[in-house]
Structure formats: structure tokens, C-alpha cells
Amino acid sequence: MTRRRAIAVLGGRPGNAGSDVLRLAEKVGEELARRGYGLISGGEGGVAAAANKGCRAVGGDTLALLKWNRLADAEDGTTWALPTSMDLARSNILNWCGDGMIAFEGRYGTLTEIGLALDTGRPLLVLGHHPFLTAEAFAAPTCRVVPDPSPEQAAELVDLLEELITAGERASVRPGAAVVEDDQVDESGIGLRRAIPEDLDLFRRTFGDADVQAWRALEPSDGVLSRFQHERCLVMLEHGRSVGFLEYRKEEDPEFDHIRIEALAVCEPADRGREIATRALSLFARSVFAADGHRVTAAPPADNAAAVRCLEKAGFRSVGRMRAYERHREAWRDALLMDLVPGDLAGRPPSEPARAAVGRR
């Protein structure tokens with residue numbers, strides 16, 4: 001059976017949203033129902049009631065995640081009510097239970113839900129004005145803002161949300177998934193920190209560079225780059241200056257426990273060949289091993305001499321060639337399987353244990 005899609009609606013309670021906002025919520029609720037979406041809300045009147053009314057008017061279904069344990073708190077127009085007895089903590093459920101989210105104008109509760117959606121990379125359409133949040137807060141590839149929407153634009157608004165949902169369909173990496181501490185630095189001034197939305201311009205320049213494109217053919221658009229906004233994508237720093245990216249994955253099967261380098265790229269040509277990536281790799285590997293990591297692997301294209309040399313300088317060893325491993329611009333290419341275990345770290349004898357760099361908090 002195909003799962004029915006649903007959209008989470010955020011917005012003000014009675015008195016916190018004006019009549020224009022409520023009319024917009026009603027029309028958007030109608031449009032969502034016409035496209036087969038269910039509607040999920042906090043079910044406390046105001047925006048929730050208006051969106052529910054529109055959704056139910058054209059035969060859609062609604063779910064209310066109630067603050068307390070009283071079914072009677074559900075608004076008219078609610079198909080199902082779920083008393084959570086969780087008060088504000090129910091916002092976390094609301095954040096994850098829809099395919100995407102629409103935020104109408106509201107007050108502090110709405111602001112916290114918007115912030116949670118931004119922090120967790122949920123597809124989020126923000127409608128109207130939210131004076132306590134800056135333009136920088138909304139500068140995320142998973143978010144779009146329409147400051148002055150009208151009820152007549154309901155179809156266009158849902159189109160925009162669907163674009164965000166499509167762009168964000170990927171295996172998510174969530175809090176707690178990071179293997180190493182971010183925000184750390186070594187004795188030479190090379191550091192690593194978690195990627196944030198403000199790094200988007202650096203993403204565009206890095207992955208739009210012709211030399212990088214020759215090995216990693218990504219379209220440097222917001223939708224494509226949004227998948228890098230997670231806990232296992234780190235920004236490489238040199239004395240606090242952002243210079244590139246290191247993305248990694250963790251093998252989930254404990255029988256094959258290892259960390260895999262997915263992407264390693266330095267943005268500016270002038271910074272390449274200066275061993276920034278090599279030192280960042282060493283810092284990263286020391287942190288992995290200090291956290292009881294067993295092995296770090298990488299699979300650079302076999303003919304990418306610069307990448308292979310960078311990995312070798314950090315202590316990686318080539319342990320095999322994988323034929324026709326990766327499809328790149330309509331052609332299959334070989335890759336080298338390279339790995340690193342604690343005794344291989346460059347500049348460290350096998351008997352010397354690797355230690356984590358001191359984190360900066």
C-alpha cells in the first residue's frame with residue numbers, strides 16, 4: 001500500500017494570526033487536499049483551524065497533535081486527534097511527521113518550530129513576515145520565504161513546497177550521527193567544523209570549479225548542495241578561514257565498522273597543493289581513532305593523482321583497484337580502494353597511539 005503524503009502546518013493560535021493569514025491558510029489547506037496531501041497541525045485553532053477547514057472542505061484528512069491529553073481540544077474539521085501530553089515537546093513530532101512544512105505567521109511557538117525545521121534541514125516554506133528571524137536565518141537550501149503571499153497564490157505556493165520536497169529527498173543524517181567532534185583545530189592552525197547554511201556560497205564556488213567538476217560532477221545548485229547540510233560534512237579551516245569541505249559516512253554494520261571519506265575538496269586553486277587537505281585528513285583521522293574508530297577508507301578515481309597523493313601523505317595505503325567503480329559523465333571509471341588504520345598515520349610510528357586534537361567549544 002502506498003503511503004499517503006502529508007504536510008505539517010505551523011502558525012499562530014487564535015489572536016496571534018490576522019484574518020488575512022487565516023484566509024491564506026484556508027486556501028492553502030484546500031490546495032493541499034486537492035493534491036492528495038493530508039494536513040498535520042497542533043490543532044489549537046487559529047492557523048491550524050483555518051487550514052483544517054480548507055482541507056476538509058475538499059475531502060482531505062487532518063491530524064491534530066494535541067498538547068495535552070484531552071481529545072475535546074481538537075478543532076472542528078479534525079479527522080484524527082492524537083493527545084500527546086507533551087506540551088511544547090510535541091513540536092519535535094510535528095517537525096518529522098510530514099513530507100514538508102508550511103509556516104504561516106505566528107508568535108514564539110511558531111518561531112521555535114521554524115528554527116527546529118531550519119536546524120534539521122526539513123523542506124520548509126515560510127509565508128509572511130517573521131520579524132525575530134533574520135534573512136541569514138532563512139539562507140538554507142531547504143527553505144524558501146514568500147513575504148507577501150496572497151490566497152490566490154495557493155497553487156504556486158504548494159508548487160514551491162513540492163520543489164523543496166523533491167530536492168530534499170535523500171537519506172538524512174541527524175543529530176547524534178556525527179562520529180567526531182566538530183569545531184576542532186590542530187597545532188598548525190588547520191581546523192574542522194560542521195557545515196552550516198552560511199557555507200552555501202563556498203559550496204557553490206568549490207563544486208562549481210572546473211578542476212573539481214572534472215572529478216566530482218555536481219550541479220552547484222541549492223537543491224543538490226542541500227544534501228551536504230548534515231552532521232558529517234565538515235568545513236576545512238586554515239587559521240579560521242574556510243577553505244574547503246570534508247564529508248564522511250559511517251558503515252552502520254558493526255561487523256564492518258569503518259568511516260568512509262565521501263568528498264574532499266579545496267575551494268581556491270591557490271590553496272591546492274599546500275597540504276591543507278592532508279593536514280585536515282590527519283586531524284580528522286586522529287579524532288576518529290580517539291573515538292574508538294577502527295578504520296578510515298577512501299575511493300578516489302584511480303587517475304586522480306593529486307587526490308591519491310594527498311591521501312598517501314596522510315598515511316592512507318592503496319589496497320586494491322576497483323574496476324568500473326563509479327559512473328562519471330556517462331563513462332565508468334576505476335577507483336583505488338585506500339584505507340588508514342591507527343598505525344598508518346603519517347609521522348607516527350605504529351606503536352604510538354593516535355590522539356584527538358583538542359576541541360574548541
* Hey, is Arg317 close enough to Asp344 for a salt bridge, meaning N to O under 4.0 Å? -> yes
* Do any N or O atoms from the side chain of Gln213 and from the backbone of Phe207 form a donor-acceptor pair under 3.5 angstrom? -> yes
* Please confirm whether the backbone N or O of Ala155 pairs with a side-chain atom of Arg35, one donor and one acceptor, at under 3.5 Å? => yes
* Check: Phe203 main-chain N/O paired with Thr206 side-chain donor or acceptor under 3.5 Å -> no
* To do: Decide yes or no on side chain to side chain donor-acceptor pair (under 3.5 Å) for Arg56 and Thr78, but give the supporting numbers first.
  => CA-CA 8 Å; Arg56 293 293 290 154; Thr78 300; over 6 Å; no
* Asked: Charged N to carboxylate O below 4.0 Å: is that the case for Asp99 and Arg5?
  -> no
* Residues sharing Phe132's hydrophobic cluster, by side-chain heavy-atom contacts under 4.5 Å among ILVMFWY, directly or via others? -> Leu10, Ile40, Leu63, Leu65, Trp80, Leu82, Met86, Ile93, Leu94, Met101, Tyr108, Leu111, Ile114, Leu118, Leu124, Val126, Leu133, Phe138, Val145
* Asked: Of all residues at least two apart in sequence or in a different chain, which pass the side chain to side chain contact (heavy atoms under 4.5 Å, CB included) check with Arg323?
  -> Asp334
* Asked: Would a distance-only check, ignoring hydrogens and angles, find a side-chain to backbone donor-acceptor pair under 3.5 Å from Thr79 to Thr62?
  -> yes
* Asked: So, does Thr166 use its side chain to make a donor-acceptor pair with the main chain of Glu163 at under 3.5 Å?
  -> no
* **N-O pairing of Arg23 and Glu26 below 4.0 Å** => yes
* Minimum heavy-atom distance between Arg272 and Cys267, given as atom pair plus value -> NH2-O, 2.7 Å
* Does Asp199 pair with Arg193 as a salt bridge, N-O distance under 4.0 Å? -> yes
* Asked: Which is it for Lys27 and Glu31 under the salt bridge (Lys or Arg N to Asp or Glu O under 4.0 Å) test, yes or no, and what are the steps along the way?
  -> CA-CA 6 Å; Lys27 298 302 289 184; Glu31 183 63 27; over 6 Å; no
* To do: For residues Ala314 and Leu340, report the shortest heavy-atom separation together with the two atoms involved.
  => O-CD1, 3.9 Å
* **Note: Glu30-Arg34 ion pair, threshold 4.0 Å (strictly below)** => yes
* Electrostatic pair Asp201:Arg205 at N-O distance under 4.0 angstrom -> yes
* Residues Glu44 and Arg90 bridged, charged N to O under 4.0 Å -> yes
* To do: May I ask you to say whether Asp339 pairs ionically with Arg295, meaning some side-chain N is under 4.0 Å from a carboxylate O?
  => yes
* State whether Arg260 and Glu262 are salt-bridged, where the test is any N-O pair (Lys NZ or Arg NE/NH1/NH2 against Asp/Glu carboxylate O) under 4.0 Å. => yes
* **Distance-only polar pair, side chains of Thr142 and Arg122, donor-acceptor under 3.5 Å** => no
